[in-house]
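Sharing a structure below in structure tokens format, with a few things to ask.
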Amino acid sequence: MTILVTRPSPTGEQLVTRLRKLGYNAWHSPLIEFSPGRELASLPALLQALSADDLVFALSQHAIHYADPMLVRTGISWPAHLAYYAIGRTTALALHKISAHPVTYPPERETSETLLQLPDLQDVAGKRALLLRGNGGRELLGETLTERGAQVTYCECYQRRDVHYDGLEQSRHWQQIGIDKLVITSGEMLQRIYTLVPDYYRASWLLGCQLIVVSERLAEQARQLGWRDIRVADNADNDALVRALQ
């Protein structure tokens, strides 16, 4: 078994290190990288415009990674009078660590669907909601909060960018080193590797690899592209991915 981890740094490198310590043959080839978002500079003003019990949603650890230094540079703290939510446990811990405020998150999967099932989010009429996120991504959370009566504002804290590879050369390398399991943690990365790999290697190698994904929605996307051997981890953090690979 040889595992290719495609999630970005630093979590991708951390996962590979853990897997190698457990005796697995694992490699890291990130498919995307991150940079500051176009709306990051507006974050301090957006936070200060919120009133007591308004809502702040951290949709990834990367949003926190870029948001907190911006607040530090402008001398602003995370306001204590707001209600903080995160897409999952790992993001919630990251936000709690830097803010010292309670952060609510869904106890099960790290998805917008499970976040929206939280009892506190059923009646949000009249509240303002600030969503800290990257460029693009799903609109389900914002759209549903709007339908429930909230006034939703987005702040693009970071941008995703494709990491450039020569598709033919990289595919030949991945096949030669025996990659037979792929860790894919987003639909964007799934589509990226599918498009990157040329037709010959896609048919003879890529679609025969086992996929480790982080949601049933992502598994269904993979099935539509032609994968058949798919395992769904019980969460999106590295702990869950290690369990899925054992």
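Each residue takes its place number in the sequence, starting with 1.
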Stepwise salt bridge (Lys or Arg N to Asp or Glu O under 4.0 Å) check, Glu216 with Arg223
CA-CA 10 Å; Glu216 186 54 46; Arg223 292 185 193 102; 2.8 Å; yes

Nearest heavy atoms of Thr111 and Ser215, plus distance in Å
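Here Thr111 and Ser215 meet closest at CG2-CB, 4.4 Å.
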
Quick check: do Leu168 and Tyr201 have side-chain heavy atoms less than 4.5 Å from each other?
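Leu168 vs Tyr201: side chains touch.
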
If we count only N and O atoms by modelled type, under 3.5 Å, do the side chains of Ser171 and Gln175 hold a donor and an acceptor together?
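No, no side-chain donor-acceptor pair sits under 3.5 Å.
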
Derivation of the salt bridge (Lys or Arg N to Asp or Glu O under 4.0 Å) call for Arg18 and Asp239:
CA-CA 10 Å; Arg18 288 182 59 178; Asp239 290 342; 2.6 Å; yes

Single-linkage hydrophobic cluster Leu19~Val213, side-chain heavy atoms < 4.5 angstrom:
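Same hydrophobic cluster.
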
Linked, directly or transitively: Trp174 and Leu245 (ILVMFWY side chains, under 4.5 Å):
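Trp174 clusters together with Leu245.
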
Sub-3.5 Å donor-acceptor pair from the side chain of Arg38 to the main-chain atoms of Cys157, do we have one?
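Not at all, since once roles are kept as given, no pair shorter than 3.5 Å links the two residues.
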
Starting from the C-alpha separation in whole Å, work towards a yes-or-no answer on side-chain contact (heavy atoms from CB on, under 4.5 Å) for Leu182 and Val5.
CA-CA 6 Å; Leu182 308 173; Val5 174; over 6 Å; no

Could you see if Ile64 belongs to whatever hydrophobic cluster contains Leu115? Use Ile, Leu, Val, Met, Phe, Trp, Tyr and a side-chain cutoff under 4.5 Å.
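Ile64 does not cluster with Leu115.
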
Using side-chain heavy atoms (C-beta onward) and a distance below 4.5 Å, is Glu39 in contact with Cys155?
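Yes - at least one pair of side-chain heavy atoms lies under 4.5 Å apart.
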
Above 12 or not: heavy atoms from other molecules or residues under 6.0 Å from CD of Gln159?
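More than 12 within 6.0 Å, yes.
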
Intermediate values then yes/no, side-chain contact (heavy atoms from CB on, under 4.5 Å), Ile76 and Gln48
CA-CA 9 Å; Ile76 293 174; Gln48 290 183 310; 3.6 Å; yes

Mark yes or no for whether Thr74, through its side chain, and Met70, through its backbone, hold a donor-acceptor pair below 3.5 Å.
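Judged by distance alone, yes, a pair lies under 3.5 Å.
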
Return the minimal non-hydrogen interatomic distance between Ile230 and Ala222, and the atom names on each side.
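In this case the closest contact between Ile230 and Ala222 is CD1-CB, 3.8 Å.
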
If you define the side chain from C-beta out and look only at heavy atoms, does anything of Met1 sit under 4.5 Å from Asn25?
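When only atoms from C-beta onward are counted, Asn25 and Met1 do not touch, as no gap falls below 4.5 Å.
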
Take atom CD in Glu169; do more than 12 heavy atoms of anything else shown fall under 6.0 Å from it?
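Counting other residues, nucleotides and ligands, CD of Glu169 stays at 12 neighbours or fewer.
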
Distance, nearest 0.5 Å, that separates OG of Ser29 from OH of Tyr165:
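So the OG of Ser29 and the OH of Tyr165 are separated by 4.5 Å.
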
Pairwise distance CZ(Arg172) to CG(Asp166) - rounded to 0.5 angstrom:
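Arg172 CZ to Asp166 CG: 8.5 Å, rounded to 0.5 Å.
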
Do the side-chain N and O atoms of Trp27 and Thr2 include a donor-acceptor pair separated by under 3.5 angstrom?
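There is no such pair (donor and acceptor under 3.5 Å, judged by atom type) between the side chains of Trp27 and Thr2.
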
Worked verdict on Asp234 versus Arg243 for salt bridge (Lys or Arg N to Asp or Glu O under 4.0 Å):
CA-CA 9 Å; Asp234 58 25; Arg243 289 194 296 272; 2.8 Å; yes

Could you tell me whether a side-chain N or O of Arg89 sits under 3.5 Å from a main-chain N or O of Pro107, the two making a donor and an acceptor?
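Judged by distance alone, no pair lies under 3.5 Å.
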
Could you tell me the separation between the OH atom of Tyr24 and the CD1 atom of Ile3, rounded to the nearest 0.5 Å?
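Between atom OH of Tyr24 and atom CD1 of Ile3 there are 7.0 Å.
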
Should the ring pair Phe34 and Tyr158 be called parallel, tilted or perpendicular, given that the plane angle runs from 0 to 90° and is split at 30 and 60?
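Rings of Phe34 and Tyr158: perpendicular, over 60°.
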
With respect to Leu4, which candidate in Val183, Ile184, Ile179 satisfies the side-chain contact (heavy atoms from CB on, under 4.5 Å) definition?
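Only one of Val183, Ile184, Ile179 forms a side-chain contact (heavy atoms from CB on, under 4.5 Å) with Leu4, namely Ile179.
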
Taking all atoms of both residues into account, what is the closest heavy-atom pair of Ala233 and Leu241, and its distance?
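Nearest pair, atom of Ala233 first, then Leu241: CB-CD2, 4.1 Å.
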
I'd like to know if the side chain of His65 and the backbone of Ala94 have a donor-acceptor N/O pair within less than 3.5 Å.
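Flag not set: sc His65 to bb Ala94 has no pair under 3.5 Å.
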
Nearest 0.5 Å please: distance from the OG atom of Ser60 over to the CD1 atom of Ile87.
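Here the rounded value is 9.5 Å.
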
Could you go step by step and tell me if Thr11 and Gln14 meet the side-chain contact (heavy atoms from CB on, under 4.5 Å) rule?
CA-CA 5 Å; Thr11 50; Gln14 292 163 354; 4.0 Å; yes

Is it the case that one hydrophobic cluster holds both Ile32 and Val214, taking links as side-chain heavy atoms less than 4.5 Å apart, direct or via other members?
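Yes, it is one cluster - the side chains of Ile32 and Val214 are joined through contacts under 4.5 Å.
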
Please examine the side chains of Leu43 and Leu71, heavy atoms only from C-beta on, and report whether any two atoms are closer than 4.5 Å.
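They are in side-chain contact.
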
Side-chain donor-acceptor pair under 3.5 Å between Ser51 and Arg128, yes or no?
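Distance-only check passes for Ser51 and Arg128.
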
Less than 4.5 Å apart, side chain to side chain, heavy atoms only: is that true for Trp227 and Leu206?
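Yes - at least one pair of side-chain heavy atoms lies under 4.5 Å apart.
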
Distance only, no hydrogens: is a donor on one side chain within 3.5 Å (strictly under) of an acceptor on the other, for Asp180 and Trp205?
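There is no such pair (donor and acceptor under 3.5 Å, judged by atom type) between the side chains of Asp180 and Trp205.
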
Are side-chain heavy atoms of Leu140 and Leu116 found at a separation under 4.5 Å?
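Leu140 reaches Leu116 side chain to side chain.
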
Is there a donor-acceptor pair under 3.5 Å between the side chain of Ser99 and the backbone N or O of His101?
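At least one qualifying donor-acceptor pair exists.
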
Carefully, step by step, assess Glu156 and Arg133 under the rule salt bridge (Lys or Arg N to Asp or Glu O under 4.0 Å).
CA-CA 5 Å; Glu156 182 192 285; Arg133 65 175 188 171; over 6 Å; no

Take atom NE2 in His81; do more than 12 heavy atoms of anything else shown fall under 6.0 Å from it?
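Check passes, neighbour count above 12.
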
Is the CZ atom of Arg160 crowded by more than 12 outside heavy atoms at less than 6.0 Å?
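Yes, the 6.0 Å shell around CZ holds more than 12 heavy atoms from other groups.
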
Using the ring of each side chain (for Trp, its six-membered ring), is Tyr85 parallel, tilted or perpendicular to Phe57, with breaks at 30° and 60°?
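Because their plane-to-plane angle is under 30°, the rings of Tyr85 and Phe57 count as parallel.
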
Are Leu95 and Leu47 connected, step by step, through hydrophobic side chains (Ile, Leu, Val, Met, Phe, Trp, Tyr) whose heavy atoms are closer than 4.5 Å?
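Yes, it is one cluster - the side chains of Leu95 and Leu47 are joined through contacts under 4.5 Å.
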
Roughly how far, to the nearest 0.5 Å, is CZ of Arg217 from CD of Gln221?
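With rounding to 0.5 Å, CD (Gln221) is 7.0 Å from CZ (Arg217).
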
Does a side-chain heavy-atom distance below 4.5 Å link Arg148 with Asp123?
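Heavy-atom side-chain distance check fails, nothing below 4.5 Å.
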
Could you give the distance from CG (Leu55) to CG (Leu130), rounded to the nearest 0.5 Å?
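The CG atom of Leu55 sits 9.5 Å away from the CG atom of Leu130.
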
Is Gln191 close to Leu225 at the side-chain level, that is, under 4.5 Å between some pair of heavy atoms?
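With C-beta onward as the side chain, the pair touches.
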
Do you know which two heavy atoms are closest between Ala67 and Leu40, and how far apart they sit?
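Of all heavy-atom pairs spanning Ala67 and Leu40, the closest is CA-CD1, 4.0 Å.
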
Member of Leu131, Val103, Leu50 meeting the side-chain contact (heavy atoms from CB on, under 4.5 Å) criterion with Val56:
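Answer after filtering Leu131, Val103, Leu50: Leu50.
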
Pair Leu46-Thr153, side-chain contact (heavy atoms from CB on, under 4.5 Å): steps then yes or no:
CA-CA 8 Å; Leu46 290 172; Thr153 302; 4.0 Å; yes

